[in-house]
There are 2 protein chains.
Amino acid sequence: MTDAPRLAGTPTLEDVARAAGVSRATVSRVINGVRNVDPVIQEAVRRAVSLTGYAPNRAARSLVTRRTDAIALVVSGAGVDPEPADGAPAADTADPESGSSFTAQVFADPFFGRVVTGVVNYLRPRGMHPVLMFAETSRAREDVVSFLRQGSADGALVVSTHAEDPLPGMLTDAGLPAVLYARPARPVRISYVDLAHQDGARLAAEHLLARGCRRLATITGPLDVPAGQDRLAGFRDTMAQHGHPYIPIAEGQFTQESGEAAMERLLAEHPDLDGVFAANDLMAMGACHVLREQGRRVPEDVAVIGFDDSSAASACRPPLTTVRQPVEAMAAEMARLLIDGLSKPDGATTSVIFEPALVVRDSA
Amino acid sequence: MTDAPRLAGTPTLEDVARAAGVSRATVSRVINGVRNVDPVIQEAVRRAVSLTGYAPNRAARSLVTRRTDAIALVVSGAGVDPEPADGAPAADTADPESGSSFTAQVFADPFFGRVVTGVVNYLRPRGMHPVLMFAETSRAREDVVSFLRQGSADGALVVSTHAEDPLPGMLTDAGLPAVLYARPARPVRISYVDLAHQDGARLAAEHLLARGCRRLATITGPLDVPAGQDRLAGFRDTMAQHGHPYIPIAEGQFTQESGEAAMERLLAEHPDLDGVFAANDLMAMGACHVLREQGRRVPEDVAVIGFDDSSAASACRPPLTTVRQPVEAMAAEMARLLIDGLSKPDGATTSVIFEPALVVRDSA
DNA sequence: CTGAAAGCGCTAACAC
DNA sequence: GTGTTAGCGCTTTCAG
């Protein structure tokens with residue numbers, strides 16, 4: 001305390017080593033928990049660490065280990081490019097309202113929060129962290145790729161919200177480690193986790209039939225994405241097997257508004273229906289609203305069943321009967337696949353499919 | 001192409017320099033846009049860059065610049081510690097359901113998505129990225145501090161959800177750059193952005209009065225946080241000024257469920273009320289549900305006004321009249337304060353207060 | 001305007 | 001079991 005040299009900035013390994021009377025290598029070993037270090041020295045080092053207030057420099061470590069312990073959590077969008085014509089200067093002053101529709105929309109669906117929860121729960125105990133990225137324009141996609149190429153993150157976890165998303169292909173082409181949430185619309189050699197959507201839709205169909213509904217309809221998700229297609233196929237197939245070869249459908253976009261519009265169309269053409277399967281909870285909520293506005297009771301007059309079991313499902317009135325998608329577990333598995341894959345020689349891809357479950361509440 | 005040496009891994013500055021026939025320093029200059037480089041050479045370097053497919057290594061750069069271009073976006077919670085007793089091994093297998101209540105809850109409120117939107121809009125054009133962190137336990141808070149101390153991020157943007165949050169103090173004590181969303185419950189020397197909550201509550205009060213409501217009540221937010229206190233104070237003061245010194249209140253927790261419960265309590269004690277100010281939209285929605293269930297029409301029998309103007313406000317039935325909080329702009333400003341502060345000598349703190357605005361829809 | 005050289009702080013062989 | 005040493009890839013004085 002008397003003649004401790006005024007350290008320039010934050011203490012380094014060197015400072016700790018000096019304080020403990022050992023070499024940098026030894027300090028490094030105890031900090032990284034490498035065995036073969038005398039317990040007595042370990043203790044001395046630990047004391048020196050807390051004495052100096054040492055914190056390892058992540059950049060220096062990354063430089064040699066080639067690991068950052070960060071992963072990119074990217075929400076990827078459509079292929080459309082609402083950017084200004086080429087040559088325009090990069091927008092510097094971020095207009096807080098415009099250009100934000102994508103991110104705003106992403107979080108409007110409780111789905112994404114569940115993905116984050118699952119990912120963080122897996123990453124955190126491992127000392128890793130997610131960097132949030134949105135890839136809704138080609139520019140943004142390039143950013144994701146260069147972010148990873150610069151070694152800013154060890155790999156990417158991508159949740160794609162639209163079909164024809166070029167990002168998964170870009171990632172594999174660049175040889176970057178990545179795992180998707182949901183099978184890509186176009187085949188790409190990449191690992192992913194997904195849900196057995198058709199099984200879920202079957203569960204919904206059978207429940208509706210079992211409770212006595214006979215004039216059924218479905219509000220589908222966007223039909224260009226596998227989840228939308230599969231949920232429709234599963235519902236239709238099951239209905240056909242039970243003697244209902246023709247089922248009225250109205251396509252939605254997984255948003256509450258689109259669910260309302262779809263329900264209105266359905267009701268206009270089929271005023272007598274008594275059961276509706278919506279391909280997600282948000283649309284099911286929209287359907288319930290419209291139904292009530294038009295004087296139908298849910299579930300007495302029309303039964304409604306959703307999909308996902310999002311937080312909105314239990315919160316809304318009436319609480320939604322729905323098909324549960326274990327999003328948190330799927331997201332954690334996605335993280336696991338990525339992390340495990342980092343240590344293995346690249347090339348192999350793995351996919352894990354989860355099974356849905358019916359959750360019966362009040363709407364059907 | 002004939003005798004190009006097989007490059008071990010990804011190309012480095014050295015490789016580009018060789019390909020362009022210049023020194024590393026020169027390549028570095030053109031890549032970083034430092035002036036004083038011959039245009040001809042610049043062009044040659046650029047060609048070499050794309051020829052080699054070079055991408056600068058972020059860790060190496062950070063090591064010398066002491067900047068990561070990453071910022072921690074942390075959602076901070078209460079001071080409670082639901083951790084196992086000391087000595088228990090760190091939970092390695094992340095249970096996807098448990099321990100997730102905090103993150104799940106965070107995203108249930110559309111508020112957080114708006115914060116992310118604002119932050120990302122500001123960061124992105126500047127080549128910076130947010131690392132998502134949750135600080136709901138003391139362990140998690142320590143992690144945030146060490147993350148920053150290791151230089152993994154240049155600073156922190158913190159959104160605190162509860163009073164008595166020790167994180168802001170920990171950050172300033174450690175001399176780490178940080179900016180808060182909302183004034184801390186206890187005074188801490190730190191920059192923040194906030195809303196003029198009292199003005200917002202006044203807007204709500206005056207609107208209710210103007211539409212003829214005379215038997216008013218309010219569902220408050222948690223009364224240990226400034227936002228909850230201020231919205232109540234603003235409402236009460238305005239009411240008092242207009243001859244309503246006594247206003248029934250019921251405390252909520254900013255969640256829909258708590259709003260429902262509060263509304264039930266209010267109705268039980270004051271069955272004749274004709275206007276309710278809820279301190280946020282989620283609670284206002286809960287109130288509307290309860291009101292309708294009990295046979296009251298909104299707004300004919302009871303007018304309801306919310307706060308925030310979250311996405312839920314316009315989506316719900318009836319669409320909510322509410323007080324708009326410009327969350328995206330506030331979040332962007334928070335990011336700006338942090339980034340600007342990084343280059344300045346530390347010490348100075350700045351706070352920016354935003355003004356709310358009334359948004360009239362159908363519920364009042 | 002460009003090149004040479006000195007590190008940034010850490011890990012990982014490799015000796016002892 | 002511990003120390004020595006050589007870089008990881010980049011930026012940045014400092015000469016020229």
Between [X] ([atom1]) and [N] ([atom2]), how many Å, whole number?
X	N	atom1	atom2	result
A/N57	D/dG9	CG	P	17 Å
B/E14	D/dC10	CD	P	10 Å
A/N32	C/dC10	CG	C1'	9 Å
A/D15	C/dC8	CG	P	11 Å
A/Q150	D/dC8	CD	P	19 Å
A/L13	D/dC8	CG	P	19 Å
B/R67	D/dG9	CZ	C1'	20 Å
A/R24	C/dA12	CZ	P	13 Å

| query | Which sits closer to the 5' end of DNA chain D, A/V22 or B/V27, going by the nucleotide each is nearest to? | reply |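 Here A/V22 is the residue nearer the 5' end.
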| Of A/D38 and B/A60, the one whose closest DNA chain D nucleotide lies more 5' |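 First, find each residue's nearest nucleotide; the 5'-ward one identifies A/D38.
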| So, do A/N57 and B/Q150 sit near enough that their side-chain heavy atoms are less than 4.5 Å apart? |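 They are not in contact (no side-chain heavy atoms under 4.5 Å apart), so the answer is no.
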| Heavy-atom side-chain proximity of B/T103 to A/V116 below 4.5 angstrom |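 Not in contact.
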| Can you say whether the rings of B/F107 and B/F112 are parallel (under 30°), tilted (30 to 60°) or perpendicular (over 60°)? |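 Perpendicular: the ring planes of B/F107 and B/F112 meet at over 60°.
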To the side chain of [X], which of [options] is closest?
X	options	value
A/T65	C/dA12, D/dA6, C/dC8	C/dA12
A/V64	C/dC8, D/dG7, D/dT2	D/dG7
A/R29	C/dC10, C/dT2, C/dC14	C/dC14

| message | Is it the case that the base of D/dG9 and the side chain of B/R58 share a donor-acceptor contact (distance under 3.5 Å, atom types as modelled)? | response |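 Counting by modelled atom types and ignoring angles, no donor-acceptor contact under 3.5 Å is found here.
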| Under-3.5 Å donor-acceptor pair between A/R66 side chain and D/dG9 base |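 In this structure, the two groups form no donor-acceptor pair.
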| message | Would the distance check show the side chain of B/T52 and the main-chain N or O of B/A48 forming a donor-acceptor pair, the cut-off being under 3.5 Å? | response |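 Side chain of B/T52 to backbone of B/A48, a donor-acceptor pair under 3.5 Å: yes, one is there.
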| message | Let me confirm one number: the CE-CG distance from A/M334 to A/L180, rounded to the nearest 0.5 Å. | response |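 A/M334 CE to A/L180 CG: 8.5 Å, rounded to 0.5 Å.
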Residue-phosphate contact under 4.0 Å: [X] side-chain N/O, [N] OP1/OP2:
X	N	answer
B/N36	C/dC1	yes
A/S23	D/dT2	no
B/T12	D/dG9	no

| request: Using the closest heavy atom to pick a nucleotide of DNA chain C for each, name whichever of B/L63 or B/A25 lands nearer the 5' end. | output: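 Result of the comparison: B/A25.
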